[in-house]
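Remarks on the structure that follows.
Source: prediction; values computed, not measured.
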Amino acid sequence: SLQPQALRPWVCRVSRRTGACGRIASRVDPAPTLRTTQRYLGSVRSALVRQAHHSAVVDVDTVIRGGTVVTTSGVSRADVAISNGKIVGLWAPSTDTATSSGIEEIDATGLLVLPGGVDSHCHIAQPSSSGGKMAGDWTTATRAAAVGGTTTVLAFSTQDKGGAGVTPMVEAYLAEAAAASCIDYSIHMIVSDPTESVLRDELPALIASGLRSVKIFMTYPKNRVGDAEILKILECVKQNNALLCVHAENHDAIVHLTAALLAAGKVDTKYHAWCKPPEIEREAVHRIITLAEILDQPIQIFHVTCAAAADEVARAQARGVKVFAETCPHYLVFTADNLDAPSEIGAQFLCSPALRSKEDHSALWQHLRSGTIGNVTSDHAPYNLHGDDGKFWAGKDADFSTIANGMAGIQTRMAVLFSEGVSKKRLSLEDFVALTSTNAAKLFGLYPEKGAIAVGADADIVLWDADREETITHSMICDGVDHTPWEGLDVVGWPVLTLSRGKVVARDGAPHLATPGWGKFLARDTYSYINPAERR
């Protein structure tokens with residue numbers, strides 16, 4: 001029989017870890033009340049029943065044993081049973097060291113067991129709209145993602161202005177991904193030229209095929225759409241049960257400020273932040289929220305960088321507008337001061353929207369904790385520093401306005417957020433799982449197959465050492481880019497093993513059986529999470 005003192009070793013095994021895991025585990029009462037004891041014993045009995053049941057009827061092929069499972073709802077010790085790429089059981093921790101014949105056992109003692117990351121904003125092998133060519137390809141990017149703990153990515157198909165349709169680029173891009181991706185994937189469709197045929201014929205058919213997210217740019221000459229076009233696109237995605245994602249910056253203001261800076265001879269990389277101050281972002285965020293509110297269409301604001309923009313999102317959410325927001329690790333770590341350097345160094349940090357201030361970092365952390373900002377993505381947009389088709393495609397002496405925009409980060413996203421968030425006590429473990437996996441899976445129609453450790457979910461799992469200390473160097477990174485902007489950053493917390501649908505695809509900092517073509521396309525059916533708010 002199970003006695004109340006049986007709780008004691010369970011609590012101690014969780015609490016023994018230092019750092020973030022210990023802080024979270026300290027929430028468990030070391031001297032349980034009768035109610036908490038009964039609740040725990042009930043969960044153990046239920047788990048044992050499930051264990052007996054699944055052992056009898058499920059052909060288990062892998063068991064992750066001895067780890068601490070983290071989901072958005074809590075932290076607990078459990079063994080995870082996997083069969084044919086799916087999670088089939090969450091069992092009471094076993095003290096039996098024997099392994100049944102034919103079952104692979106993965107020892108997770110002392111490790112966190114997390115849902116594989118869902119990175120919903122990655123530019124992979126994408127034609128560039130700002131000049132140059134993106135570095136890497138589907139294989140290098142998705143191998144790097146897997147090494148970093150990410151098991152699902154959402155990338156972007158493009159559309160050229162001038163009457164070109166959306167469908168040919170979507171089909172070509174999906175074919176490229178199918179042949180080369182090492183983890184599961186879906187895509188967002190960029191719409192730059194919303195012609196009548198695109199809105200009437202192409203988008204409805206593509207959305208129905210499982211591509212339920214569209215992206216627009218409010219800036220960049222080759223991509224931007226004006227307010228009248230935005231309203232038409234909002235109507236289309238609403239009628240077809242899709243989500244609109246937005247890069248929000250005021251294009252005309254950027255053009256005006258850039259021209260003035262160049263005319264004054266201000267050409268260095270630091271002036272990139274001068275032509276894109278927070279007000280540029282705040283205005284555009286307010287405007288797209290207003291347009292979406294008028295039509296009652298849910299939207300996702302990509303890469304929120306500053307207090308002013310996040311405050312606009314929070315105000316809209318408070319009045320019932322269905323607006324979601326994300327940010328990225330570089331907007332939580334780097335500042336505009338990183339751009340104030342010789343061009344080859346400053347160019348590594350040249351991205352859009354621009355990097356902000358430490359005060360904006362503090363505001364973003366608060367908005368992450370409050371739920372205003374619901375997910376953290378890499379916005380992986382990699383360009384090589386060397387060669388004639390990367391950051392300096394316009395020449396080594398290029399001014400800030402012609403240096404290719406973007407930063408690499410698909411491999412480092414989760415480690416940086418864990419270190420800066422959980423290890424520094426800004427986020428809980430549950431927050432970390434929500435921000436890196438579960439919330440994105442829900443927002444983009446992938447949950448509960450993705451973003452969950454639960455019976456029936458895909459066995460996309462990352463084992464995480466919460467106390468491991470590492471210094472990021474380019475030699476660790478396998479994304480196919482010739483540098484990392486994260487060079488020299490010390491982090492606490494590191495992924496040690498990643499499974500994609502039950503298959504180990506990364507182990508201890510290197511790809512492991514990460515086979516091109518293993519990744520499968522994730523078609524997304526209609527889902528209620530992005531239904532209109534129907535406030536009127």
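- Residue Pro382 is tested with Ile410, Val481, Thr140 for a side-chain contact (heavy atoms from CB on, under 4.5 Å); the sole match is Val481.
- In summary, the side chains of Ser186 and Arg212 do not present any donor paired with an acceptor at a separation below 3.5 Å, with no hydrogens or angles considered.
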Set out, in order, the CA-CA distance, both residues' side-chain angles and the distance that settles side chain to side chain contact (heavy atoms under 4.5 Å, CB included) for Val70 and Trp464, then state yes or no. CA-CA 10 Å; Val70 185; Trp464 198 276; over 6 Å; no

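- With a 4.5 Å cut-off on side-chain heavy atoms, Arg369 and Arg426 count as touching.
- Within 6.0 Å of the NE2 atom in His251, the count of heavy atoms belonging to other residues, nucleotides or ligands exceeds 12.
- Note: Lys391 NZ to Asp482 CG = 11.0 Å, rounded to the nearest 0.5 Å.
- A salt bridge between Glu281 and Lys276 is absent, with no side-chain N of the basic residue lying under 4.0 Å from a carboxylate O of the acidic one.
- Using modelled atom types and a 3.5 Å distance limit, the side chains of Glu344 and His386 yield a donor-acceptor pair.
- Tested against Tyr173, the residues Trp138, Phe521, Phe156 include a single ring pair (Phe, Tyr, Trp, His ring centres under 6.0 Å) partner, Trp138.
- Here Asp479 contributes atom CG and Ser378 contributes atom OG; the two are 10.0 Å apart, rounded to the nearest 0.5 Å.
- In this structure the side chain of Phe302 reaches within 4.5 angstrom of the side chain of His188, judged on heavy atoms.
- To the nearest 0.5 Å, the span separating CH2 on Trp365 from CG on Asp360 amounts to 14.0 Å.
- Arg315 and Glu312 are joined by a salt bridge, as a carboxylate oxygen and a charged side-chain nitrogen come within less than 4.0 angstrom of each other.
- Under a 3.5 Å cut-off, the side chain of Thr269 and the backbone N or O of Leu339 do form a donor-acceptor pair.
- With Glu487 contributing its side chain and Thr484 its backbone, the two residues share no donor-acceptor pair below 3.5 Å.
- Asp311 and His367 share a side-chain donor-acceptor pair at under 3.5 Å.
- If you take CD on Glu430 and OG1 on Thr438, they are separated by 11.0 Å, rounding to the nearest 0.5 Å.
- Aromatic ring orientation, Tyr331 versus His303: perpendicular (interplanar angle above 60°, classes split at 30° and 60°).
- Between the side chain of Ser181 and the backbone N or O of Ala177, no donor-acceptor pair lies under 3.5 Å.
- Each of Asp460, Asp458, Asp184 was compared with Arg501 under the salt bridge (charged side-chain N to carboxylate O under 4.0 Å, His left out) criterion, and only Asp184 meets it.
- In this structure a side-chain-to-backbone donor-acceptor pair under 3.5 Å is present from Arg413 to Val376.
- Using a 4.0 Å cut-off between charged nitrogen and carboxylate oxygen, Arg468 and Asp508 count as a salt-bridge pair.
- Side-chain contact between Asp379 and His330 is present, with at least one heavy-atom pair separated by less than 4.5 Å.
- In this structure, a donor-acceptor pair under 3.5 Å is present between the side chains of Asn405 and Ser352.
- Within 6.0 Å of NZ on Lys396 lie more than 12 heavy atoms contributed by other residues, nucleotides or ligands.
- Counting heavy atoms of neighbouring residues, nucleotides and ligands inside a 6.0 Å radius, atom CG of Asp227 exceeds 12 of them.
- In this structure, a donor-acceptor pair under 3.5 Å is present between the side chains of Asp490 and Thr471.
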Quick one, Phe349 with His272, criterion ring pair (Phe, Tyr, Trp, His ring centres under 6.0 Å). Give me CA distance, side-chain angles, the key distance, then yes/no. CA-CA 10 Å; Phe349 304 97; His272 176 72; over 10 Å; no

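- Taking the six-membered ring where the residue is Trp, the centroids of Phe217 and His247 are separated by under 6.0 Å.
- Panel note: side chain Gln300, backbone Ala325; a donor-acceptor pair is recorded below 3.5 Å.
- A heavy-atom distance below 4.5 Å is not found between the side chains of Tyr271 and Leu262.
- No side-chain heavy atom of Asp431 sits under 4.5 Å from any side-chain heavy atom of Leu368.
- No more than 12 heavy atoms of other residues, nucleotides or ligands sit less than 6.0 Å from atom CG of Asp397.
- Gln159 places no side-chain N or O within donor-acceptor distance of the main-chain N or O of Met169, the cut-off being under 3.5 Å.
- Taking both residues in full, the closest heavy atoms of Ala316 and Val323 are given as CB-CG1, 3.8 Å, listed atom of the first, atom of the second, then distance.
- Rounded to the nearest 0.5 angstrom, Leu257 CG and Glu279 CD are separated by 9.5 Å.
- Taking all atoms of both residues into account, the shortest heavy-atom contact from Pro115 to Ala452 is CB-N, 3.9 Å.
- Scanning both residues, Ser157 and Met189, for their nearest heavy atoms gives OG-CA, 3.5 Å.
- Taking a 6.0 Å sphere around NZ of Lys133, one finds it holds 12 or fewer heavy atoms contributed by other residues, nucleotides or ligands.
- Remark: the backbone N or O of Ser437 is not paired with any side-chain donor or acceptor of Lys450 at under 3.5 angstrom.
- Ring centroid separation for the pair Trp274 and Phe400 does not come in under the 6.0 Å cut-off.
- Under the 4.5 Å side-chain criterion, counting only non-hydrogen atoms from C-beta, Leu154 is in contact with Leu446.
- A 4.5 Å side-chain heavy-atom check between His361 and Thr335 finds at least one atom pair inside the cut-off.
- Asp137 contributes a side-chain N or O that, together with a main-chain N or O of Thr139, makes up a donor-acceptor pair within less than 3.5 Å.
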I'd like to know whether Val416 forms a side chain to side chain contact (heavy atoms under 4.5 Å, CB included) with Ile472, so could you lay out the CA-CA distance, the side-chain angles of the two residues, the decisive distance to 0.1 Å, and finally the verdict. CA-CA 10 Å; Val416 172; Ile472 297 173; 4.1 Å; yes

Under the criterion side chain to side chain contact (heavy atoms under 4.5 Å, CB included), I'd like the reasoning laid out for Arg282 against Cys306: C-alpha separation, chi angles, the key distance, then a yes or no. CA-CA 8 Å; Arg282 183 196 66 198; Cys306 60; 5.6 Å; no

Can you list the steps and then say if Cys182 with Val505 is a side chain to side chain contact (heavy atoms under 4.5 Å, CB included)? CA-CA 8 Å; Cys182 301; Val505 290; over 6 Å; no

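- For Asp340 (side chain) and Lys270 (main-chain N/O), no donor-acceptor pair under 3.5 Å exists by modelled atom type.
- For the atom pair CD1 (Ile216) and CZ (Arg224), the distance works out to 11.0 Å, reported to the nearest 0.5 Å.
- Side-chain atoms of Thr402 come within 3.5 Å of backbone atoms of Asp399 as a donor-acceptor pair (strictly under, hydrogens ignored).
- Within the 4.5 Å cutoff, the side chain of Tyr383 has heavy atoms near those of the Ser128 side chain.
- Closest approach of Trp518 to Ser500, counting heavy atoms only: NE1-OG, 3.0 Å.
- Of all heavy-atom pairs spanning Ala381 and Met134, the tightest one is CB-CE, 4.4 Å.
- Summarising the geometry of Ile373 relative to Leu435, their closest heavy-atom pair is O-CD2, 3.7 Å, with the distance given to 0.1 Å.
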